[in-house]
Amino acid sequence: MSWLPIALVGVPLLGAVVATVPAVRDRAVAWGIAVSAGVLVLAVALAAAFAYAHPADMQLQSDRPWIPGLGLRFHLGVDGVSLPLVVLTALLTFLCFVHLAGHPPEGGRPGALVVTLLVLEVGMIGTFLALDLLLFFVFFEVVLVPMYFVIALWGGAGRRAAAVKFILYTLLGSAVLLIGLLVVWTQAGTLDMVALAGRHGSGMARSAQILAFLAIGLGLAVKTPMWPLHTWLPDAHTEAPTVGSVLLAGVLLKMGSYGFARIAIPVLPEGAAALAPWLGAFAVAGIAYGSLACLAQRDLKRMIAYSSVGHMGFVLLGFASLTPVGLNGALFANVAHGLITGLLFFLAGAVKERYGTADMVRLGGGMLRRLPYVASLLTFACVASLGLPGLAGFWGEMLALLGAFRPAAGLSRPLFLVFMAVGGLGTVLTAAYFLVMLSRVTHGRAVETVPLAGPLEPPEPLATAEGVRDVLSGAGEAAEPVEPVAAGAAVAALDREGGGQETQETARASAVADDGRAVADDGRAGATGAGALGAGAADAGQTGGQTGGQAGRARRPFRDVTAHELAAWLPLVALIVLFGLWPKALLAVTTPAVQSLLGSGVAP
């Protein structure tokens with residue numbers, strides 16, 4: 001079965017090439033679903049063929065000459081550390097294509113997006129399978145270009161700046177990473193990761209190990225991301241399309257943390273021991289900073305992006321402890337974060353599509369009444385992310401903190417106890433910002449109208465009187481709003497009230513009519529901006545104390561969860577519950593591999 005790793009890399013690459021054919025391009029999304037489903041089947045077959053009695057051994061290896069003159073080999077394989085990440089990557093990529101089937105890209109060109117995502121899958125899976133340092137670096141870099149185009153071509157209004165920032169940061173980190181890998185090569189005389197891990201640093205001077213660990217660690221920290229090298233992440237997540245955000249958070253961040261487990265710690269144990277306190281300090285700084293930054297965010301996607309900085313801080317803290325418990329916690333948190341944050345970004349994209357904004361203040365609350373299934377799933381994902389026991393998010397953070405409670409021999413226990421205390425505070429702040437977000441978005445009243453100061457002249461009816469009465473009868477909050485038919489009359493009334501002053505920002509207003517008349521929000525609610533509901537919604541109002549009006553954009557009628565969304569989200573929900581209730585399913589695979597990677601010279 002040694003052909004399976006090659007197939008996992010070759011199938012998406014071949015699928016990307018075929019997707020450029022005009023006959024296939026017309027049905028590109030269906031082709032992407034088929035190819036990614038095939039890759040997922042291969043990943044499941046890899047997991048089925050894996051010998052779980054020996055998870056520490058490198059299995060299903062394919063080792064062939066690549067560049068004989070330099071001694072480079074095309075060496076692929078899998079063990080208990082990489083297997084969960086390979087399956088996670090294949091699953092998330094497949095679910096992204098399923099999502100695309102019901103949500104065509106706003107930037108058009110679905111064929112180009114399919115090709116880009118398939119090339120991205122090649123780099124992601126290849127990174128977790130590579131067993132040659134230079135091959136690892138090649139796959140590590142392959143993901144940068146397609147992700148750049150995903151953000152730059154199909155992202156939001158600030159996509160170009162976010163894409164440039166992403167590529168500059170990650171390329172700079174990659175350059176430093178390459179320097180560190182070359183130091184290892186010159187000192188050890190080989191690039192074979194299996195041989196290097198088996199040596200546990202023997203034959204390499206301590207000073208060389210520290211220098212190599214510093215360079216490799218900085219390169220990996222940019223991708224992880226570690227504070228303060230994280231600043232590219234919020235912009236990239238905010239502007240990326242939904243599928244880009246899911247893969248960026250669910251897989252690309254894991255590539256950096258995987259490098260610590262696969263290369264930095266086992267190959268350079270003395271360098272790891274020397275720099276572990278610094279790694280732990282930056283990790284807990286990221287936990288605290290990410291949590292506090294989340295409390296200050298208004299944009300839902302940006303808040304989730306900053307939460308990733310905090311969650312990946314727990315991963316780095318687990319690595320810094322240099323213990324089997326800490327590393328197991330880091331690897332578990334890696335998988336859990338990929339599942340939970342992938343689900344969160346799917347849901348954030350669904351909310352933005354329905355409301356036309358991800359601004360939590362402008363969403364206006366009341367989502368549990370308007371979109372009960374979307375709101376319930378959002379609540380579930382938030383509760384899982386804040387680390388509720390019984391869900392996957394709990395175990396990784398708990399084990400990482402436990403590793404800091406008793407770090408490896410030679411590390412300062414009082415210092416790591418401080419790290420543990422700060423990390424524990426971070427879990428409290430995580431619960432705080434998620435609960436604040438849920439109180440703003442899912443609870444409360446859905447609409448809060450503010451009457452105009454003066455009387456309104458009867459405008460054009462926004463809908464028939466019968467339709468208005470049907471929609472607004474009873475509580476009215478759970479009804480589907482219809483597209484605005486004539487927002488002009490309400491806007492004109494607002495212009496009369498506001499004196500025709502120029503509007504700086506569009507806010508929401510509700511048009512409500514029981515007898516064919518409209519009552520519009522004059523926008524003076526400022527930051528409270530109400531959601532669009534009722535017989536018709538027109539974007540009008542003002543911020544910063546100015547008044548005025550502007551015609552709103554027509555929206556599609558609200559709808560709750562669709563079949564494509566359920567197909568993309570429910571597998572993540574099931575796995576979050578499974579790993580939360582049965583953590584041994586993952587820990588039994590990673591524990592022997594972690595003990596082997598640490599060796600006798602690092603772990604107590």
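In this text, all values refer to a predicted model and were calculated from it rather than measured experimentally.
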Arg354/Glu565 ion pair, N-O < 4.0 Å: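 Answer for the salt bridge query: yes.
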Electrostatic pair Asp132-Arg73, nearest N-O below 4.0 angstrom: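 Looking at Asp132 and Arg73, the cut-off is not met.
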Would you confirm whether [X], through its side chain, and [Y], through its main-chain N or O, come within 3.5 Å as a donor-acceptor pair?
X	Y	answer
Ser82	Val78	no
Arg159	Gly156	yes
Thr20	Val17	yes
Trp31	Asp26	no
Ser245	His237	yes
Thr224	Met226	no
Thr323	Gly326	yes
Lys584	Val589	no
Tyr52	Ala47	yes

Aromatic ring proximity, centroids under 6.0 angstrom, Tyr148 and Phe166: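 Ring centroids of Phe166 and Tyr148 are no less than 6.0 Å from each other.
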Could you check whether [Y] and [X], counting side-chain N and O atoms only, form a donor-acceptor pair closer than 3.5 Å?
X	Y	result
Ser385	His311	yes
Thr231	Tyr169	yes
Asp235	Thr238	no
Gln59	His54	no
His337	Ser308	yes

The single option from Trp569, Phe94, Phe346 passing ring pair (Phe, Tyr, Trp, His ring centres under 6.0 Å) against His99: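 The option that passes is Phe346.
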Please tell me if the side chains of [X] and [Y] come closer than 4.5 Å, counting only heavy atoms from C-beta onward.
X	Y	result
Pro324	Thr591	no
Trp185	Leu181	no
His564	Thr562	yes
Phe139	Met255	no

Taking every non-hydrogen atom, the tightest pair across Val315 and Ser257: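 Nearest heavy atoms, Val315 then Ser257: CG1-CB, 3.8 Å.
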Arg199, CZ: over 12 other non-hydrogen atoms inside 6.0 angstrom: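 Yes, because the 6.0 Å sphere around CZ of Arg199 holds more than 12 heavy atoms from other groups.
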Other residues, nucleotides, ligands: >12 heavy atoms within 6.0 Å of Phe394 CZ: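 More than 12 heavy atoms, drawn from other residues, nucleotides or ligands, come within 6.0 Å of this atom.
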Distance, nearest 0.5 Å, that separates CG of Leu252 from CG of Leu144: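 Reported value, rounded in 0.5 Å steps: 7.5 Å.
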Spacing of Leu247 atom CG and Cys96 atom SG [to the nearest 0.5 Å]: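 Between Leu247 CG and Cys96 SG, I get 4.0 Å after rounding to 0.5 Å.
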